[in-house]
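Per chain, numbering begins at 1; letters A, B, ... match sequence-line order.
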Amino acid sequence: MPRYNPAIVEPKWQQFWEQNQTFAAPRLPTGEKLYVLDMFPYPSGDGLHVGHPEGYTATDIVCRYARMCGKSVLHPMGFDSFGLPAEEHAIKTNTHPREQTEKNIDNFRRQLKMIGFSYDWQRELATTDVAYFRFTQWIFLQLFDTWFDPQSQQGRPIAELPIPDDVAAAGEQAVDQYRDEHRLAYQTHAPVNWCPALGTVLANEEVIDGKSERGSHPVVRMPLRQWMLRITAYAERLEAGLEQLDWPESIKTLQRNWIGRSSGAEVDFFIGPTLQFAAWKEARATAGFPRKPEDDVLRIYTTRPDTLFGATYMVIAPEHPAVERLTTPEQADAVAAYCQAAAAKSDLDRTELAKEKTGVFTGAHAVNPVNGQPIPIWIADYVLISYGTGAIMAVPGHDERDFEFAKKFDIPIVAVVDPQRDIETAARDDVLSAQAVFTGDGAAINSGDYDGLATAEFKTRIAADLSQQGLGRSAVNFKLRDWLFSRQRFWGEPFPILHELDADGNATDRVRPVPAEELPVDLPHLDDFKPHGRPEPPLDKAPEDWLYQEIDGVRYKRETNTMPQWAGSCWYYLRFLDPQNTERLVDPEVERAWMPVDLYIGGAEHAVLHLLYARFWHKVLFDRGVVSTDEPFRKLVNQGMILGEVEITGFQRADGSWLGTGEVTTDEEGNSIEKATGAAVSAVRVDEHDAEKQGESFVLKADPSIKLDSRAYKMSKSRGNVVNPDAVIREYGADALRLYEMFMGPLEATKPWNMEGVNGVRGFLDRAWRMIADERSEAPALNAAVADVEADEEQNRVLHKTIKAVTEDFDRLSFNTAIARLMEFTNYFLKIDRRPRAALESFVLLLAPLAPHLAEELWQLLGHTDSLAYEPWPAFDEALIREATVEIPVQVNGKLRAKIVAAADADPAALEATARADGKISEILAEKTVVKAVVVPGRMVNFVVK
RNA sequence: GCCGGAGUGGCGGAAUUGGCAGACGCGCUGGAUUCAAAAUCCAGUUCUCGCAAGAGAGUGUGGGUUCGAUUCCCACCUCCGGCACCA
């Protein structure tokens, strides 16, 4: 056989696997099951990026390894194919987005197959498949049909929702409305992020700093009818469920922060005449804390009920329903102006500009329930209507924001928490004299009977007291908001919802779900895909026969919003289990057998949204009995980002003279300028041969006084540092690509690409080939050094050490070190003239998960006729690894002074004696007194001397 | 500002429990082979001093615990990622 040629070997085996359906998973697992999932890609027009195969290679190795260990493996792949780019392309070319989408999928599939991943391709799916989104729509119907029972913390059928008597008495329409208010899928008119440039409304998480995540277009707030999903109902369970998951702690933290659970208390402040306060308080003491606040109180949420005595004013959000009621005539104009201005502000303005606090006094006062003090009520946009009750008690002494506000508007500040020993004396004095803010825990002061209590104790005590007096109750809040679930796009799943129309063709606000058996609701034909620039969805342009329907004499209009891209990716892992099922989304028997996903690998960019949305849907499906597990993804791993090649950059003035990185800064627009003069400078790419390391940084070889910048950047088209996997495969082969992606460093780490490194692992594959194959012969032939001989002791030790290390490395997804061990094996056996065939066979099996094409080819060359995909994984023998003698370092005062050779099982006394006998050591010890000898058997000897 | 993660040769990285720092690979240097080059093979390669034997320093910085610290503790610096008025 000639030289190793991946261009021939790789397609050959890819064809073999496909023809033999080598990786088809059975309907039900036949032994121990392993469900390994990749985050399926969005098939963009650019094709695969080298970042994709990183995680995909890792899971592929896990799967191939697991099959050899006898596990039943499910490893599918599909496409998250709804998305804006295809629709934008459709608008431009006036072709159906499906056309472009399918072309892109074909390209992605071709690329994925070229890398030799062991997917069960029969299970391939795309979220844009009508047969697939039929069930996405079906799940939406489930959400629509479910309400969350806070008592049992469970989603239940809407039919089981208890209807209060007063609602029932109000008639059928009131009951329907009551139900609609409790569904997990509901409609709202809340202000949304309308992006005129994209012609769509965006979810909060798609807006970054007031601009669209995609394209950075400005976003404005406007009210629009939207579908929402009540994910907040599941906040408690989504938070609690994290604990049991084998996920990176950092991702769990990210989700916890996103969910943002906080606990505190709701407290009612009386806003009637001060004279009536006592009577009100008395009434409350008997009546208790009402479910909904009456008009004569302002309900607030606080996490620090212990600072109640320090509340010197209150703030309500500009959108708070009590604004009008509270505003006095004298303040009416100012309040109206303020609220109007606040409404016009985007979220960006409200945060960014509000470094300086703004607000307006309502003219009204409330009575502090703990001390009867009247305090002013303000309106300020630093209080958000969407969090808590939309109103706060302001404690400027112990809250940064309140402090700032009180300073600006000259509102009294009262210290009620003594920091005690937590901070320096001077700082503490500032806090006690209300000159400074302190947000930590301490001891209560100025708090009546509670004085002296520690913060934590105060909190529980006052919560109980307030509750007993009917003034407050413990409460939990979440930062998590309900999920804005509709998009004004064409290329998404249509909602299976009909809107009732009255005789004049106007919507009645009553909706009716499309029955499950009538699904799917396919997308209609459109003559063109151009948005009309209004917030109404493009589906409003659909033909009448799609848009309107008459049932039982009532006319209905279809919902024209579509679902967001997240919808399809929320449940694809379930469909992979049973992709051809036309009856239901997954057969329960199959679901029970394969779920949960045992290993899920993907990018950290999905840490919050995708993974939280999918968990939410899963929990609803669990509550509704569709799936058998409470959580979908047992173990999660995030692969790190792959950056472009390292670039060394220097800066030059207009005249071409160099200046160091320290002399350069950026102006507001992000341009590089010279610090001293403010003149524009240009960044220049410096060849690595023209740079050298000096101390901490790189400098110009020609002028070492010029410091350079050395770093790798995110791959991007604009920077021109994108590496195309097709090109890598063409030049080095798929196995080399796979191997390099894994050899770069730990899977989770961010790491720069380096083409020389690909060449390096290709060199290893070449050597592995030469170790077994004869590269000079024309026909396939074994290397003459391959011999049917028994491995000697040392060869066995190398082999079994390698098996052990590779096995353990695979188990902990440490592929870079596994490859290093295989390289060591190759380096050793290449030097041997008679290479035991059995050892080489084991080596090929160890290599197989990493470089499957090469391994299959060598396996065949070694005389096997079948694929090695299900060949048993080599076992190691600990006894063969053990060495008779070991080299042991001898230290004096912790410094390495000599090395001794001793029996591996030598006892401490023997080791110490051997160490003392060493020429070098005895020389050193002769002049000193040994205070102590530390001997760790098999590891080291250390003499502590004086 | 808050919450995560990370800082080890020229570069990517290794060191699983506190026990020989730098495995493995790239790059570089020298050599063999070649008319020459590529490829391949051999040797070397943390830094400083030294012809060498060897000595000293060394895992972002400063301190601490320990016979012994890349690993544990405290403080700080830098970089990366996320969040950002959530009461």
Side-chain angles (χ1 to χ4, degrees), chain A residues 3 209 248-254 256-258 260-262 264 300-304 307 315 350-352 354-355 357 380-384 386-395 398-402 404-405 477-481 604-605 607-608 640-641 643 646 688 691-693 696 698 710-712 740 743-746 748-761 763-764 766-767 770 775 805 808-809 812 814 816-824 827 830 887-896 898-899 931-936 938-945:
Chain A
R3 299 172 50 160
D209 291 337
E249 219 31 66
S250 59
I251 299 297
K252 290 196 203 180
T253 307
L254 236 48
R256 279 199 195 99
N257 290 347
W258 191 265
R261 185 184 202 276
S262 79
I300 60 97
Y301 171 72
T302 178
T303 55
R304 292 294 301 269
T307 59
V315 183
R350 282 179 77 147
T351 54
E352 200 96 331
K355 295 230 162 78
K357 295 268 179 293
D381 64 5
Y382 80 90
V383 169
L384 310 173
S386 49
Y387 185 76
T389 59
I392 62 158
M393 66 168 190
V395 185
H398 305 285
D399 181 286
E400 306 258 6
R401 298 149 298 179
D402 298 345
E404 262 178 62
F405 191 86
N477 262 294
F478 297 92
K479 281 203 268 188
L480 185 69
R481 301 295 148 81
E605 65 274 20
V608 180
M641 203 194 318
L643 305 173
V646 172
E688 61 172 311
E692 64 184 347
K693 187 96 172 195
E696 288 294 279
F698 278 89
S710 163
R711 55 166 292 194
Y740 177 65
F743 190 60
M744 292 172 85
E748 296 92 333
T750 302
K751 41 212 176 266
W753 188 268
N754 176 9
M755 215 45 108
E756 298 284 5
V758 186
N759 195 40
V761 293
F764 161 64
D766 284 326
R767 285 199 303 281
R770 276 202 302 277
E775 67 173 348
E808 288 172 0
D809 285 347
R812 58 192 176 102
S814 178
N816 54 331
T817 51
I819 293 166
R821 297 291 91 85
L822 291 170
M823 286 172 167
E824 284 174 318
N827 291 344
L830 268 174
E887 197 185 45
I888 286 179
V890 181
Q891 303 175 342
V892 176
N893 282 347
K895 280 206 167 100
L896 179 71
K899 288 177 183 181
V931 180
K932 190 174 163 191
V934 183
V935 183
V936 183
R939 303 224 73 147
M940 50 78 64
V941 177
N942 185 18
F943 292 105
V944 186
V945 302

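Rounding to whole angstrom units, CE of residue A:M641 and C1' of B:C79 are separated by 13 Å. In this structure, A:R261 atom CZ and B:A87 atom P are separated by 12 Å, rounded to whole Å. The CG atom of A:L822 sits 13 Å away from the C1' atom of B:G25 (whole-angstrom rounding). Between A:N257 atom CG and B:G1 atom P there is a gap of 18 Å when expressed in whole angstrom units.
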Nucleotide by nucleotide, nucleotides 4-18 of chain B touches protein heavy atoms under 4.0 Å in the pattern (B base, S sugar-phosphate only, - none) S-----SSBSSSB--
Protein within reach of the bases, or only the backbone? For nucleotides 54-67 of chain B, mark each nucleotide 5' to 3' as B, S or -, using heavy atoms under 4.0 Å. -SSS---------B
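Look at the C1' atom in both B:U66 and B:C73: the space between them is 12 Å, to the nearest Å. Comparing B:U78 with B:U59, their C1' atoms are spaced 16 Å from each other, to the whole Å. Comparing the P positions of B:G44 and B:A52 gives a spacing of 16 Å, expressed to the nearest Å. Separating the C1' atom of B:A57 from that of B:G50 is a span of 15 Å, rounded to the nearest Å. Of the P atoms belonging to B:G82 and B:A75, the separation is 27 Å, rounded to the nearest Å. Straight-line distance between the C1' atoms of B:A37 and B:C20: roughly 43 Å, to the nearest whole Å. Separation of the P atoms belonging to B:G27 and B:G12 is 15 Å when rounded to the nearest angstrom. Nucleotides B:G7 and B:C72 place their P atoms 11 Å apart, quoted to the nearest Å.
A cation-pi contact, defined as under 6.0 Å to the ring centre and within 45° of the axis, is absent between A:K357 and A:F405.
Screening A:V936, A:V892, A:I888 for a side chain to side chain contact (heavy atoms under 4.5 Å, CB included) with A:V941, the sole residue that qualifies is A:I888.
Contact check for A:R304 versus A:V395: no side-chain heavy atoms found under the 4.5 Å cut-off. Contact check for A:P248 versus A:E748: no side-chain heavy atoms found under the 4.5 Å cut-off. Under the 4.5 Å side-chain criterion, counting only non-hydrogen atoms from C-beta, A:Y382 is not in contact with A:E404. A 4.5 Å side-chain heavy-atom check between A:T307 and A:M393 finds at least one atom pair inside the cut-off.
We find the CZ-CG distance between A:R821 and A:N816 to be 9.5 Å, quoted to the nearest 0.5 Å. To the nearest 0.5 Å, the span separating NZ on A:K899 from CD on A:E887 amounts to 5.0 Å. Taking NZ of A:K932 as the start and CG of A:N942 as the end, the distance is 9.0 Å to the nearest 0.5 Å. Interatomic distance, OG1 of A:T817 versus CD of A:E808, reported as 10.0 Å (0.5 Å rounding).
Annotation for A:D402 and A:I392: closest pair OD1-CD1, 3.6 Å, computed over non-hydrogen atoms. Across every non-hydrogen atom of A:P889 and A:L896, the tightest pair is CB-CD1, 3.4 Å.
If A:E887 and A:G760 are placed on RNA chain B by their nearest nucleotide, the residue sitting closer to the 5' end is A:E887.
Environment of CZ in A:R256: crowded, with over 12 heavy atoms of neighbouring residues, nucleotides or ligands closer than 6.0 Å.
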Between the protein and nucleotides 40-44 of chain B, which nitrogen or oxygen pairs are less than 3.5 angstrom apart?
from, atom 1, to, atom 2, distance (Å)
B:U40, O3', A:R770, NH2, 3.3
B:C41, OP1, A:R770, NH2, 3.3

What are the atom names and distances for every N/O pair under 3.5 Å that joins the protein to nucleotides 27-34 of chain B?
from, atom 1, to, atom 2, distance (Å)
B:G27, OP1, A:E756, OE1, 3.1

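Residues passing the side chain to side chain contact (heavy atoms under 4.5 Å, CB included) test with A:T303, sequence neighbours excluded: A:S262, A:Y301.
In this structure, A:N893 contributes its side chain and A:V945 its backbone to a donor-acceptor pair below 3.5 Å. Panel note: side chain A:K751, backbone A:P746; a donor-acceptor pair is recorded below 3.5 Å. A:Y740 contributes a side-chain N or O that, together with a main-chain N or O of A:N754, makes up a donor-acceptor pair within less than 3.5 Å.
Closest to the side chain of A:A820, from the set B:A87, B:A23, B:G25, is B:A23.
Under the 90° criterion around 0 for the glycosidic angle, B:G9 counts as syn.
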Show me the dot-bracket string of RNA chain B, counting Watson-Crick or G-U pairs under 3.5 Å, with | for pairs to another strand and [ ] for crossing ones. (((((((..(((......[....)))((((((.......))))))((((....))))..(((((..]....))))))))))))....
